[in-house]
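One structure is given here, and the rest of the page talks about it.
We're numbering straight along the sequence, starting at 1.
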Amino acid sequence: MKTLLTAFGFWCLSLAAATGAEQAPRSPASKPAPNILFCIADDASAHFGAYGCTWAKTPNIDRLAQRGLTFDNVYTPTAKCSPSRAAILTGRNPWQLEAAANHQSFFPPNYPAFTEVFAEAGFGVGAQGKFWGPGIAQTAAGAERTWGLAGAASTKTGADPGIGFRKFLAARPEGKPFFYWFGSSNPHRSYLRDSGLAAGKKPTDIEQVPGFWPDNETVRRDMLDYAVEIEAYDAEVGALLKVLEESGEAENTLVVVTSDHGMPFPRVKGHNYDLSNRVPLIACWPRGIAQPGRRTTEFISLIDLAPTFLELLPIEAKTTQMAKITGASFTDLLAGEAKRERSFVVLGRERNDVLARLGTEHGLGYPVRGIREGRQLYLHNFAPERWPCGDPALGLIDTDASPTKKWIVDQGVQDPHWQLCFGLRPAEELFDLTSDPDCLKNLVGEPKHREQATALRDKLFAELRAQGDPRMLGEGDRFDRYPSIKPLPAPVKKP
């Protein structure tokens, strides 16, 4: 289990209050503008008790669900850390963010984050743990981008994230709402092998193994190790909630618990199947959520977080770029209403690892766009001739190392699980998630589903054209030309 949040250090900070009159709060049921505590896991699918999981115990998160609102259909637009977090911060899909569509990228300076808007308004803005990245983000002048997070960094606060949160609360501006980002490093790999068994868990605790992995002892024990990391995330959330309660701010603080994308296993992280992009999201706000204990099946994208937060806090003016965000606020759902105009979400991917597919100056990605509507998931693979997890000869490095991956790789290409996880894919895929939640049966080739696939493709492409996606403008190869912070190996000089 990871006891320290590393990756990008700890930030504990606040900003001085800006001058000027406050604007009238805008929030559900005319409640006072809330504080916001945002907790985001690193590589977690919806394996919380609130979502029916019994083999990972999450009592703190489950209590939030009992007192708040649980979202059953929330999707990240892409299942990799850097581009997913870029989308959250800007309210725009990754393909609208130039180089930030790629993992391990250089974040363009011309797309502001909602945290920067909050900082300009004088709110207390702080963060701890993993924020955006891995990548490099600079201002237009070439300085390191602080994302509105001003102050000194502390690299060690111990295993209790409540320590950093308590410091932030003590230093924040008085009379202003605060926004605090807690970025856990759980359940990102690597794991302590058989930590699940050591914690008293049994392989038989897992009710069902996804059909694209073998159901064997190796995979089940790997899943139990993942469960230990999920429980560590829940403990971190509990530590933050304890400090929040002690502060007296809990009643008017919106607590959001989510994840950047799905679990770090083959055919999940980095891909576009349901377990890849569907993430947990639970919101608790005692003063602002109507009918606590509810669930909603409305489709939400993580790009909807930014406009929701911006609507809740009393900000008169937003920057020009933030005014162009693609996401849509879901404050109506918090208030107990259901007036969502959008009945679908779009998702996709570009380049995850620059070393996965050599072939250009900067390395090739695996471009995909998809749409989830109703019970269907449609995926369009723009380069089906490329390996989705990277070239086998290069180690399939678009999939994190794990006991599950090693077992499947060791079986060889003839094994059906190898083909499901690492094999080439057709240009189009269509799945019925009600009968096939693991996305095992591609329906595109069946005549009775052809019309359905065509209709979803046309709807997806129309939406992407409206968003200015370069893939729809014949300029998709630009994503392969963007540089990466991870340089390609130097060419070998011949003697």
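No donor-acceptor contact under 3.5 angstrom links the side chains of S82 and Q104, judged on distance only. Using modelled atom types and a 3.5 Å distance limit, the side chains of E116 and W147 yield no donor-acceptor pair. Checking E429 against Y273 by side-chain atom types alone, a donor-acceptor pair falls below 3.5 Å. Residues N93 and Q467 have side chains that bring a donor and an acceptor to within less than 3.5 angstrom of each other. A donor-acceptor contact under 3.5 angstrom links the side chains of Q128 and Y180, judged on distance only. Side-chain contact of S276 with N272: a donor-acceptor pair under 3.5 Å is absent, judged by distance alone.
The backbone N or O of K486 sits less than 3.5 Å from a side-chain atom of S484, completing a donor-acceptor pair.
A salt bridge is defined here as a Lys NZ or Arg NE, NH1 or NH2 lying under 4.0 Å from an Asp or Glu carboxylate O, and D400 with K269 meets this definition. Salt-bridge formation is not detected for the pair E475/R481: no Lys NZ or Arg NE/NH1/NH2 atom is positioned less than 4.0 Å from an Asp or Glu carboxylate oxygen. Salt-bridge check for R369 with D469: passed, with a basic side-chain N closer than 4.0 Å to an acidic carboxylate O. A salt bridge is defined here as a Lys NZ or Arg NE, NH1 or NH2 lying under 4.0 Å from an Asp or Glu carboxylate O, and R357 with D398 meets this definition. Using a 4.0 Å cut-off between charged side-chain N and carboxylate O, E245 and K242 make no salt bridge. The pair E246-R166 meets the salt-bridge criterion, with a side-chain N (NZ, NE, NH1 or NH2) lying under 4.0 Å from an Asp/Glu carboxylate O.
Atom OG of S301 is separated from atom CZ of F344 by 11.0 Å, given to the nearest 0.5 angstrom.
Of all the heavy atoms in P292 and R67, the pair that sits closest is CB-O, 3.2 Å.
Every residue meeting the side chain to side chain contact (heavy atoms under 4.5 Å, CB included) condition with D72, not counting sequence neighbours, appears here in chain and number order: Y51, T70, R278, R295, T297. In this view, R267 satisfies the side chain to side chain donor-acceptor pair (under 3.5 Å) rule with no residue, not counting sequence neighbours. Under the rule for a side chain to side chain donor-acceptor pair (under 3.5 Å), Y233 has no partner lying at least two apart in sequence or in another chain.
Within 6.0 Å of CD in E361 there are 12 or fewer heavy atoms belonging to other residues, nucleotides or ligands.
The aromatic rings of F299 and Y75 sit tilted relative to each other, their planes meeting at an angle between 30° and 60°. Ring planes of F165 and F168: parallel class, angle under 30° (limits at 30 and 60°). Ring geometry, F131 versus W181: the interplanar angle falls from 30° to 60°, so the pair is classed tilted.
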Kindly determine whether F265 and Y226 satisfy ring-ring contact (aromatic ring centres under 6.0 Å, His included), including the steps that lead there. CA-CA 10 Å; F265 281 74; Y226 160 81; 5.8 Å; yes
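The ring of F179 has its center closer than 6.0 angstrom to the ring center of F309.
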